[in-house]
Amino acid sequence: GKSVDELIEDKRLFILDYELLSDIPLYRDMVFYAPTALVYRELLDEGSSRLNLMGIMLTRDKKGNEVFTPDSDTPNKWQLAKLHLTCADNQYHQFIHHLGMTHLAMEPFAVAHHNSFPEGHILGDMLKPHFHDTMGINYLARRTLVSPVIPFTDRTFAPGTAGALKLFLSAWKN
């Protein structure tokens, strides 16, 4: 019930931009997009709210891009656009936030914690549960998920292992 200008004024309009995905190489002949989505926050009863999709643009062509909306002529196009957006969001989350920022970025901190804090140090004791099994989980992931021999991620993610690590490095630089 609001116009785009009103949503902007109310600070309820958001852009999801997966631009970092546009620079990663794809594994084999897999298809993958680096979409942009427009999302608004719908206000519900009793002060709660939820996010809703307004539109999805899958491509980044300077000449023009098709925008998919819930009112698209063909319902399947909207469903497929949402599916591709979900895939992009999953790749982004798994490789940047989960593998990258959670596992890879935290490993040096776990090592430093182990080497720097004496037994019984209050700060060391507070941090210890957060680093529990970090080294073991990361070791297993390097031997299975992102293994240089037979990486599981090559078969299950469009960018494959090499593309995924490149994606994380791009995010880390930013």
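Being a predicted model, the structure only gives us computed values, none of them experimental.
Side chain of Ser170 to main chain of Lys166: a donor-acceptor pair is present (N/O by atom type, distance under 3.5 Å, no hydrogens or angles). Ser72 places no side-chain N or O within donor-acceptor distance of the main-chain N or O of Thr74, the cut-off being under 3.5 Å.
A 6.0 Å sphere centred on CG of Leu83 holds more than 12 heavy atoms belonging to other residues, nucleotides or ligands. Heavy atoms from other residues, nucleotides or ligands lying under 6.0 Å from CZ of Phe14 number more than 12. Atom CG of Asp73 is surrounded by 12 or fewer heavy atoms from other residues, nucleotides or ligands within 6.0 Å. Heavy atoms from other residues, nucleotides or ligands lying under 6.0 Å from CG of Leu123 number more than 12. Within a 6.0 Å sphere centred on NE2 of His114, heavy atoms belonging to other residues, nucleotides or ligands number 12 at most.
With a 4.5 Å cut-off on side-chain heavy atoms, Leu20 and Asn174 count as touching. Thr69 has its side chain out of reach of Met54: every pair of non-hydrogen atoms, C-beta onward, lies at least 4.5 Å apart. No side-chain heavy atom of Leu53 sits under 4.5 Å from any side-chain heavy atom of Leu38. Within the 4.5 Å cutoff, the side chain of Tyr92 has heavy atoms near those of the His97 side chain. A heavy-atom distance below 4.5 Å is found between the side chains of Leu44 and Arg50. By the 4.5 Å heavy-atom criterion applied to side chains, Gln91 and Phe32 are counted as neighbours. For the pair Asn90/Phe157, a side-chain contact is recorded, criterion being any heavy-atom separation below 4.5 Å from C-beta on. Inter-residue side-chain proximity for Ile137 and Thr134 is flagged as unmet; no heavy-atom pair is nearer than 4.5 Å.
Residues Ile8 and Tyr40 fall within the same hydrophobic cluster, defined by Ile, Leu, Val, Met, Phe, Trp and Tyr side chains chained together at heavy-atom separations under 4.5 Å. The hydrophobic clustering, which links ILVMFWY residues whose side-chain heavy atoms are closer than 4.5 Å, places Leu21 and Trp172 together. Both Met101 and Leu16 belong to a single network of hydrophobic side chains, linked directly or stepwise wherever heavy atoms of I, L, V, M, F, W or Y lie under 4.5 Å apart. When hydrophobic clusters are built by joining Ile, Leu, Val, Met, Phe, Trp and Tyr residues whose side-chain heavy atoms come closer than 4.5 Å, directly or via intermediates, Phe117 is not grouped with Val111. Both Phe95 and Val31 are assigned to one and the same hydrophobic cluster, defined by single-linkage of ILVMFWY side chains at heavy-atom distances under 4.5 Å.
Evaluation of the side chain to side chain donor-acceptor pair (under 3.5 Å) test over residues 4-20, restricted to residues two or more places apart or in two chains, returns Lys2-Asp10, Ser3-Glu6, Asp17-Arg60, Tyr18-Asp89.
Ser22 and Ala34 get closest at one heavy-atom pair: N-CB, 3.4 Å. Nearest heavy-atom pair across Asp154 and Pro151 is OD2-CG, 3.1 Å. Heavy-atom minimum distance, Val67 versus Gly55: CG1-CA, 4.5 Å. Nearest heavy atoms, Ala158 versus Met30: CA-SD, 3.3 Å. The minimum heavy-atom distance between Leu85 and Pro35, with the atom names listed, is CD1-CG, 3.8 Å. Taking both residues in full, the closest heavy atoms of Phe168 and Ile96 are given as CD1-O, 4.0 Å, listed atom of the first, atom of the second, then distance.
Between the CG atom in Asn138 and the CE atom in Met135 there is a gap of 7.0 Å [rounded to 0.5 Å]. Atom CD of Glu66 and atom CD1 of Ile56 lie 11.5 Å apart (nearest 0.5 Å). To the nearest 0.5 Å, the span separating OG on Ser49 from CD on Glu42 amounts to 9.0 Å. With rounding to the nearest 0.5 angstrom, the CE atom of Met126 is 10.0 Å from the NE2 atom of His113. Atom CG of Leu145 and atom CD of Gln94 lie 9.5 Å apart (nearest 0.5 Å).
Donor-acceptor pairing under 3.5 Å is lacking for the side chains of His98 and His93.
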- Apply side chain to side chain contact (heavy atoms under 4.5 Å, CB included) to Ile15 and Thr36, showing your working. CA-CA 7 Å; Ile15 295 175; Thr36 306; 3.8 Å; yes
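Using the six-membered ring where Trp is involved, Tyr33 and His84 have ring planes that are perpendicular, over 60° apart on the 30 and 60° scheme.
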